[in-house]
Amino acid sequence: MERRGVRGRGKRIASAAAVAAYITAIALANWLVTKYGHAALPFTAFAIIPFDMTARNVLHELWRGQWLVPKMGLLILCGAAMSLVLGGSSLLVCAASFVAFVTAGAVDSMVYQ
């Protein structure tokens with residue numbers, strides 16, 4: 001009985017860590033693009049976005065069968081909102097980022113599934 005509780009707690013901790021990593025990656029990518037423009041794109045494309053996709057795949061496994069699509073949509077929306085709240089990203093960058101992450105997440109989800 002106690003073992004099952006540890007497993008559940010471990011899953012919640014892993015989920016919380018992956019959510020934090022995912023939102024941080026989105027906010028960091030948006031901030032870098034807003035601050036440095038096109039010069040930031042190689043770093044975001046080859047470092048931050050693959051990390052973000054890996055975190056998304058971890059969450060896909062953790063949330064399998066538990067309202068996956070609404071949770072992912074809310075997660076992406078939270079990343080865009082975090083970018084705006086931190087003040088480092090413009091509304092245009094956040095909107096474009098939201099559309100890009102939704103599209104990339106949907107394609108990644110279909111491939112991953």
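Residues Phe51 and Phe43 do not share a hydrophobic cluster, defined by chaining ILVMFWY side chains whose heavy atoms lie under 4.5 Å apart. Leu28 and Tyr36 fall within a single hydrophobic cluster, where Ile, Leu, Val, Met, Phe, Trp and Tyr side chains are chained together by heavy-atom contacts under 4.5 Å.
When all heavy atoms are compared, the tightest approach of Ala14 to Leu62 is C-CD1, 3.8 Å. Between Ser83 and Ala27 the shortest heavy-atom distance is OG-CA, 3.2 Å. Closest non-hydrogen pair, Ile23 versus Gly79, comes out as CG2-CA, 4.1 Å. Closest approach of Ala45 to Pro50, counting heavy atoms only: O-CD, 3.3 Å.
With hydrogens and angles ignored, the 3.5 Å screen pairs no side-chain donor or acceptor of Ser15 with any backbone N or O of Lys11.
Partner of Met53 under the side chain to side chain contact (heavy atoms under 4.5 Å, CB included) criterion, out of Asp108, Val58, Ile48: Asp108 alone.
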List the steps, then state whether side-chain contact (heavy atoms from CB on, under 4.5 Å) holds for Trp31 with Val93.
CA-CA 9 Å; Trp31 178 79; Val93 169; over 6 Å; no
Applying side-chain contact (heavy atoms from CB on, under 4.5 Å), run through Thr44 and Leu41 and close with a yes or a no.
CA-CA 5 Å; Thr44 59; Leu41 292 178; 4.1 Å; yes
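The shortest side-chain heavy-atom distance between Phe98 and Ile26 does not fall under the 4.5 Å cut-off. Residues Tyr22 and Ile76 form a side-chain contact, since some pair of their non-hydrogen atoms from C-beta on lies under 4.5 Å apart.
Every side chain to side chain contact (heavy atoms under 4.5 Å, CB included) that Met72 has, sequence neighbours left out, goes to Arg56, Leu59, Trp63, Leu68, Leu75.
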